[in-house]
Structure formats: structure tokens, C-alpha cells
Amino acid sequence: MAPSRQARSTPSPISPFTSLANLLRRSQRARLILLIAPALLIIGVFMLLPLGLMAYVSILERGINGGVQWGVHTVDAYVAFLFEEDLLGNLAINPDYLQIFGRSFLLSFVTTAACLAIGFPAAFYMALQPEKYRNLLIFLVTIPFWTNLLIRNYAWILLLRSNGLVNESLMGLGLIDAPITLLYTNFAITLGLVYSFLPFMVLPIYASLEKLDLRLVEAAFDLGANKRRAFQRVIVPLALPGIAAGCILVFVPSLGAFITPELLGGSRSMMIGNLIQSQFGAARNWPLGAALAFALLAIVLLAMMVYLMRFRRPPGTG
Amino acid sequence: MRDGTVAAIEVRDLTKVFGGGSQEVRALDGVSLTIARNEFFTLLGPSGCGKTTLLRLIAGFEQPSGGQLLLDGEDIAGRPPFKRLVNTVFQSYALFPHMTVAQNVAFGLEMQGWDGARIGRRVAEMLELVKMESLGDRRPGQLSGGQQQRVALARALANAPRVLLLDEPLSALDFKLRKDMQVELKRLQRETGITFVFVTHDQEEALTMSDRVAVMSQGAVQQVGSPDEIYERPVNRFVADFIGETNFLPAEVEAAGTRYRVPSGETLSGHDPHGHAQGAQVTLALRPERIDLLAQADEPVSGDLAGRVAQVVYFGTDTLYFLELDGIPGRFQVRVQNRNGAQAEFAAGAKVGVRVAADAVQVLVD
């Protein structure tokens, strides 16, 4: 439209676009909704929808050959999580699933602790390097991601099995006479999880330590703090957000880990991830799988809430 | 050393070398200094002169490459910072952001193992000293620059150090606040009786606050003296140039220790701490405010120079004249107080006489 005096004076026909534009100009709320719409759409389609679907599946009757019977509602799956029905139809507490949950939490906790013990010194070392080396070190930390997780876990099998590199080396050195059982143990799972998730601990801690003003450490020394106390009172508190983020990033995916316990764990060291997978797979009990997933989600969310309540409070006031 | 007592700090031939090989930097090159107890001592110099390095060596953040460092007569060169009875006020304040004001001040006392009640009393006392009593529960992020400065002072003074080191603590403050803090620092030093070692590149700060000043350049001490000594009697061209405004005139010694001939032929009497012999070529330093301007009509006396006004700059309290002197190269500055208001006595282009005050000429070593 050529800009002319006439075009401006005559009212233009109202198109849907101009009315939307007018609405946006007038209403701040409309503009806000339009701006967050893409994010809402993604969360809705990729998170809320599948979660809702699974929540619904968890309260359906299982299908005979897998799947579910749509429209037939029951809480059987949640009952089966805690109880089992004996031949007479009485319900008795079944600790099997709880045991698997317990083991998963224990292994994830040990994994997180080990990652923290290894990751903090590594991140601290990285943060103290001259700037030109730091990017190289970050790059090195991320290198394992270049290879498929499955392949890396198979590599651990080669290392840990009876005639694997570790046992052969130990026997070659004369430290042991017969191969020791490393593979298919809780130890192997923990090792694999630590190996897989260590970068998720190192990177957030590095990010918070790298921002740390070294003059604050000098100030602590100046005021009479030795190295240990400067570390406790200044470095750790200031790195706490990174430590917390790292712990969440390691603990939560460890809980749901599937590949590592599947490959490195034995039949008696099943974790939640494997349990859920088996319910959707071999056991053909989709509702129970979904119920287990929701039980896990509930526990994780609860843990997060406790964490937020503990750490959102400004430090030093408690 | 005053009073014949042991010096608070004695530095002997201290050297600090950073890097190695071709990248070697001598930040300190054989510095010797004695800082008396209860003295406000300033290290003054341009950036890169080594003043901050010297401060960091005293604090213990760096280890010397050579020489001795004595605190109260005791060699502390090898000791870590937490085993030295000195505390530092950092340029950036370096307050702990995760602690309140009171917790910041208490930190050093906790490290000394004081019990809670005693710490509480001491913290209250320190906050009162720096007039921050009401803000003990705030966090550093909620304070203005001047308030953070006060907290940093309270934190460093809480441990009652033998020596307080201050690394350009006022440089981040605006002009008015800086003036207030200068007075405040003097007061704190008087009240606490602690030796202050103050690092600055601001000559005015150094002159107004210090008992003594060490002017540093290129890792070496150029001159140590009271503010009026280094201003009125600079020993070399660097000191004369760095502190205040100075006119430099080339001259030849006509009579050793008394009379110096400038290129235009006139002779000036001067003060020579270096004892140049007759016939030697020297440089004379003259402060612009120690010179009088005379109208052409006035009767010249022996030693008066002649010249022409090139430029007039009005400064409020005084007026700066740039002159071109007959027979002497370069520009010559004269500062005249504006006792009669804004009206400049001489306009650009006017012919003037220049009379130098009798003891105003200082002979420099180059």
C-alpha cells in the first residue's frame, strides 16, 4: 500500500492480522500470552501430554497380551506395587519392588557421593588453571559423550569380566591367584554410573568455582584462616549452587538408569529403570510399569521440594 | 626509626621477580624501607611501579625472590598470610557475599578461636568504630560502595593487627565520599594506634593523609620523606614530575650549592642535596605556585626572567599561566591565586617578568 494522505484518512478494511495487532498493542496480557505460547506448547506436547497419558495408563486394567483395556479403571497397579495376592486371595506385603527401589536409591546415593568426591577436586583444579587451558579441559571432560553410552558400557564389560583386562593385570602382577568377580555386581553398576555421570557433576561445580573471586580466598587467609578453613567457610559455601546442581544432575538420572544396570548388573541387582522396562516389555503389565514410574516421580519431586526448602533459604540465617 | 624503638616493618633489599627467562619481570628491585610504629605510611607511584607487589609481600600473598622482611623485628618472609599479624583492606573490598556484615567482621575473630560472646562484643565495637552499627544484618550486596568500604575496614581492624595494609581502598569511591573517607581513615589510625601502610597512585591522597610517603617507580623507591619534603624537595626528576606540577629548567652550576645559570644568562639560587660540582649540567625544578608574575613596568631585579603569556587557564581558586620564556626552550607554568576574583591580571600575549622565590629552586639528579 503506497503511503498517501487518502489512504490514511479512509478507514482500512479490518483484516484478522490488523485486529490481532491492535489487540496486542492494547493488551499487555495478550502480548504476554503470545510470547510464552511456544514454550507452553512444547511443555504441553512433549511433557504434560505423555505424562498424563502414562498417569491414565497406570489406573487402567492390564491387557491380556500387553497394552491396556481402555475404559476399565482400577488401582490394581498401585496395590501390586506394595502387596501381592496369594492363592487364597489375601493381600500380603510384597517387599520385592520396595527392595529394588531401596537398592536404586542406595546405588544412586553412592554414585552421587563418589561423583562429588572425584568431581569437586577435578573442577577445582580446572578452575585454577590459566584461562587458555580451561577450555581445553572442559573439552576433555565432554569427550566421553562422543561415544554411544551402550558402547561405553560394553567396554566396561570387557574390562571387568573374569578374563578381562583388570583381572588379567592383577593376576599378571601376582596380586591375586584366581579372577575376582567384578562384573554383574552392585560395584560394577556403581562404577558404570559414576563413569557415565561424572561430567554432570564436574561441569556445574566448575561453573560456580570459575566465577569465584580468588581475592575472597586471599581475604580468608589474611583474616587468619588456614587452607582447610578457607575451603570450608568460603570456597564450599560459594560453590554450593554448583554442588547442588551437580548432585541433582547425577542423582536423578542414576535413579532411572537403565542401560548400565542392564549390562553391568546381575539378575539380583536390578534397578528401577530395569523394573519399569520389564513391566512394559516381558511382563506385559503396562499399568504396573506406569505406576512404578509415577512412584519414582513422586519420590524425586518430594526430594526436590525438601532440597528447595532447605537451600532456597539464604545461607547463614539457619 | 622514631623513638629508638623497633620498626613496625623493616624491608631490606627486597626483590620480587615474576616469570622466568625472557619473560622475567622485576616487580621489586632491591627495595629497602623502614616503617615506624603508629605511622601512616604511604606507598605512592604509578601503576606497575611495584607498590602493590610490596604490599602483597608484606601480607604474605606472594613470597619474595630475595631480601628480608621484618615485622616487629621478626623475619616473616616464609610465613603464610594466616600466621602474620597484618590485615589487608582490599581494593575491591573482598567482602564475603554469603555472610552478613556482622559475620564478615566476626570471621577473623572466629579464626582466632574467640568464644561467641566475646566475638559479639568485639563485632559491635568495630561496627560502632566505623559507624555501621545499624547495618550488621545486611549482606554486602545490599550496601553502597562507601558502606562496603567501612565493613572492610572493620573486618580488617577487628583482629587488632600490628599493621593494616590498605590497597588503593578509596579508588572505587566517588569524589565526595573519597574526601570523607580520607578524614575517616586518619581518625581510625589515630584512634586505633595501628600502623597503616597505604597504597595509592593519587598524590593528593598521599600528601593529605600520610606521615611519610615512599615514592616508587619501576620496582624501586625513589624518595622517602614527609609530604612536604617530597613536594618541596624532590630528589629527582621522576618525583618532581609525579608529585604536583613542576617546571624543569636546564642549568649550569656557577657556584656549587648556591648559584645556577639558566640558558638565557640569568642566575638563580638553588638548593642542591646532591652536591654537583661547578660547571656541571643540572636540571632545576620550580613549582608553578612559587613564582610571581610582574608587569613589564616593574623594575626587574637580578635573577628575574622575562617572557610572554601564551595561554591563560582559569581554575576558580587560581589561574594557570603558560609562558614562553626568552632564551629558554619549552613552556613554563605559573600559578597565581585569584585574590581579586575572576579577572586575570595578564592577558595572552602580554609581556611579563618572572620572579622566582628565593628558596624555590630545587636541583635534581637525573
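These figures come from a predicted structure and were not determined experimentally. Chain letters run A, B, ... following the sequence lines, proteins first and then strands; every chain starts at 1.
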* Asked: Can you tell me how far CG of A/D213 sits from OH of B/Y93, rounded to the nearest 0.5 angstrom?
  ->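 One gets 13.5 Å once the value is rounded to the nearest 0.5 Å.
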* **Inter-residue atom distance B/D167.CG - A/R215.CZ, 0.5 Å rounding** =>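 B/D167 atom CG to A/R215 atom CZ measures 9.5 Å (nearest 0.5 Å).
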[X], [atom1] atom: more than 12 neighbouring heavy atoms under 6.0 Å:
| X | atom1 | value |
| --- | --- | --- |
| B/D75 | CG | yes |
| B/Q23 | CD | no |
| A/F145 | CZ | yes |
| A/R134 | CZ | yes |
| B/F18 | CZ | yes |
| B/E24 | CD | yes |

* **Contacting region of A/L238 [heavy-atom separation from chain B under 4.5 Å]** =>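 A/L238 touches chain B through side-chain heavy atoms alone.
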* Region of A/A220 that comes under 4.5 Å of a non-hydrogen atom in chain B ->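 Both parts, heavy atoms under 4.5 Å.
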Measure distances from [X] to the heavy atoms of chain A and classify the residue's part below 4.5 Å as side chain, backbone, both or neither.
| X | result |
| --- | --- |
| B/L95 | backbone |
| B/R84 | neither |
| B/N87 | both |
| B/F90 | side chain |

* Can A/D222 and B/F61 be said to form a side-chain contact (heavy atoms from CB on, under 4.5 Å), step by step? -> CA-CA 8 Å; A/D222 188 71; B/F61 301 139; 3.8 Å; yes
So which atom in [X] and which in [Y] form the shortest heavy-atom distance, rounded to 0.1 Å?
| X | Y | value |
| --- | --- | --- |
| B/M111 | A/L223 | CB-O, 3.7 Å |
| B/F107 | A/R233 | CE1-CB, 3.6 Å |
| B/A94 | A/A219 | O-CB, 3.9 Å |

* Does the distance from a Lys or Arg side-chain N to an Asp or Glu carboxylate O, for B/E110 and A/R229, drop under 4.0 Å? ->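 Here B/E110 does not pair with A/R229 in a salt bridge, since their nearest N and O are not under 4.0 Å apart.
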* Specify which of B/K83, B/Q91, B/R56 makes the most heavy-atom pairs with chain A at under 4.5 Å. =>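 Greatest number of close heavy-atom pairs with chain A: B/R56.
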